[in-house]
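Here is how names work: the chains are called A, B, and so on, in the same order as the sequence lines, proteins then strands, and each is numbered from 1. The shown structure was predicted, so the numbers you read here are calculated from the model rather than taken from an experiment.
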Protein chains: 2
Amino acid sequence: MEPSKEEVKARTDRFAQALRDSGTRLTHQRVVIFQEVAKTGEHPDADTVFRRVRKRMPSISLDTVYRTLWMLNDMGLISTLGPQRGRVRFDGNASPHHHFVCTDCGFVGDFYYEEFDGLEVPAEVDRMGDVATTHVQFRGLCSRCWPRDGKGRMSQGNEGRKPHE
Amino acid sequence: MEPSKEEVKARTDRFAQALRDSGTRLTHQRVVIFQEVAKTGEHPDADTVFRRVRKRMPSISLDTVYRTLWMLNDMGLISTLGPQRGRVRFDGNASPHHHFVCTDCGFVGDFYYEEFDGLEVPAEVDRMGDVATTHVQFRGLCSRCWPRDGKGRMSQGNEGRKPHE
DNA sequence: AGTATTGTTAGGTATTATTCTTATATAGGA
DNA sequence: TCCTATATAAGAATAATACCTAACAATACT
């Protein structure tokens with residue numbers, strides 16, 4: 001579902017303010033890129049954003065789109081779907097369980113919690129489709145990354161440092 | 001946390017049975033690949049699995065690892081972290097909200113549900129790190145993919161068909 | 001206003017993750 | 001043991017994302 005006009009306006013204002021506050025330049029390309037993500041409920045990928053932005057700004061480069069999207073993500077103005085970027089990660093536990101995800105190093109811990117088994121499915125979700133499974137995901141800094149910074153965006157593929165257990 | 005010896009055994013048996021039941025050949029490489037994923041609580045990526053399997057089976061190819069992991073995923077014997085597959089997708093909604101994810105076409109719908117705001121953080125999770133946000137993710141088939149099959153694994157980058165709203 | 005300074009971009013190239021192609025090997029049944 | 005449909009290895013191909021550099025643009029300094 002698309003966000004309302006007012007909502008988009010609110011998001012845009014928040015964005016502009018955040019850039020100003022952090023002393024980051026409010027360039028035309030950044031505004032356009034942000035708007036394309038903020039005005040849709042579609043969760044587009046980088047290439048989709050690129051193609052849409054290009055209609056309004058034919059000279060935009062794909063790299064600028066990537067750079068800007070990650071910057072916005074780091075600033076907390078947008079987010080990404082799923083725990084991280086880059087490679088797919090596999091989970092050998094086939095029974096229902098949930099995850100704690102460290103937003104800094106990418107560590108993922110499994111847990112099972114009975115209370116979450118029967119989580120109610122809101123009517124709104126029922127209308128979207130047929131729910132088969134429920135996952136709860138807690139995000140934050142894991143005990144190893146805490147109290148260290150956590151600048152946002154997980155370090156490149158988590159180099160050198162294997163996700164600690 | 002690593003699964004117990006018994007748990008690994010149980011997973012392996014389930015795996016062998018599932019392959020036999022579906023008439024899929026139980027090759028040495030499949031066994032080794034499955035074990036590497038089943039015996040760790042680490043959620044490794046394909047390349048990590050590849051490197052580990054190679055120690056026991058130096059001639060294994062990366063492609064076999066990928067092929068096998070996706071096959072296991074399709075059979076429900078393992079799963080992937082996040083909405084998965086390929087490109088990162090961005091979410092322009094910065095306020096707390098949750099998702100419904102279609103496991104067939106990749107559609108992602110946002111929703112907000114007050115009840116989920118105060119979800120209790122189990123003690124086990126508290127020990128993993130400092131929780132900042134909570135996301136509930138319902139997975140299943142969306143109304144457009146339902147009642148059609150849903151063979152599992154989302155279709156290749158969702159070609160042609162844009163995630164419907 | 002004119003110029004130095006520093007942040008930002010386009011475009012091209014590099015890198016990394018994942019998949020495809022094809023010749024060869026092998027599991028599992030006859 | 002032999003046969004044949006599946007699987008596999010290896011390498012090439014493709015897709016997604018990041019890096020590099022020269023050109024630009026915005027602010028700061030004079």
Worksheet item: Which whole-number value in Å describes the distance from B:His28 NE2 to D:dA9 C1'?
Response: 16 Å
Worksheet entry | Polar pair under 3.5 Å, donor/acceptor by atom type, side chain B:Arg67, base D:dA7 | no
Worksheet, complete the sentence: Of A:Ala46 and B:Val65, the one whose nearest nucleotide on DNA chain D sits closer to the 5' end is B:Val65
Worksheet item: Can you check whether A:Thr27 has a side-chain N or O nearer than 4.0 Å to OP1 or OP2 of D:dA26?
Response: no
Worksheet, complete the sentence: Rounded to whole Å, CZ of B:Arg51 lies from P of C:dA17 at a distance of 10 Å
Practice prompt. Tell me whether the OP1 or OP2 atom of C:dA10 has a side-chain N or O from A:Thr64 closer than 4.0 Å.
Written response: yes
Item to complete: Write down the distance between CZ (A:Arg30) and C1' (D:dC24), rounded to a whole number of angstrom.
Response: 14 Å
Discussion item. When you measure from the side-chain N and O atoms of B:Tyr66 to the phosphate of C:dT19, is any distance below 4.0 Å, counting only OP1 and OP2?
Written reply: no
Fill in: Between C:dT9 (P) and A:Met57 (CE): distance, integer Å
8 Å
Worksheet item: D:dA7 P sits how many Å from B:Ile33 CD1, rounded?
Response: 13 Å
Worksheet entry | Distance, rounded to the nearest Å, where A:Leu26 contributes CG and D:dA26 contributes P | 11 Å
Discussion item. Tell me whether the side-chain N or O atoms of B:Arg25 pair up with the base of D:dT6 as donor and acceptor below 3.5 Å, since no angle test is needed here.
Written reply: yes
Worksheet, complete the sentence: A:Asp63 CG to D:dT21 C1', in whole Å, measures 12 Å
Discussion item. Once you apply a heavy-atom cut-off of 4.0 Å, does A:Leu62 come out as touching a base, just sugar-phosphate, or nothing?
Written reply: base
Worksheet item: Looking at B:Trp70, does any N or O in its side chain come under 4.0 Å of the phosphate oxygens OP1/OP2 on C:dT19?
Response: yes
Discussion item. Is the shortest side-chain heavy-atom distance between A:Leu69 and A:Thr80 below 4.5 Å?
Written reply: no
Item to complete: Look at the rings of A:His99 and B:His43 and say which category their plane angle falls in: under 30° parallel, 30 to 60° tilted, over 60° perpendicular.
Response: perpendicular
Worksheet item: Between A:Ser22 and A:Leu19, is there a donor-acceptor pair closer than 3.5 Å when you use the side chain of the first and the backbone of the second?
Response: yes
Discussion item. Ring-plane angle category for A:Phe34 and A:Phe15, please: parallel below 30°, perpendicular beyond 60°, tilted otherwise.
Written reply: parallel
Discussion item. So, does B:Gln29 get its side chain near the phosphate of D:dA9, meaning an N or O under 4.0 Å from OP1 or OP2?
Written reply: yes
Discussion item. As a quick check of understanding, evaluate ring pair (Phe, Tyr, Trp, His ring centres under 6.0 Å) for A:His98 and A:Phe111, giving each step before the final call.
Written reply: CA-CA 5 Å; A:His98 309 280; A:Phe111 68 95; 5.6 Å; yes
Worksheet entry | Distance, rounded to the nearest Å, where B:Arg20 contributes CZ and C:dG28 contributes C1' | 12 Å
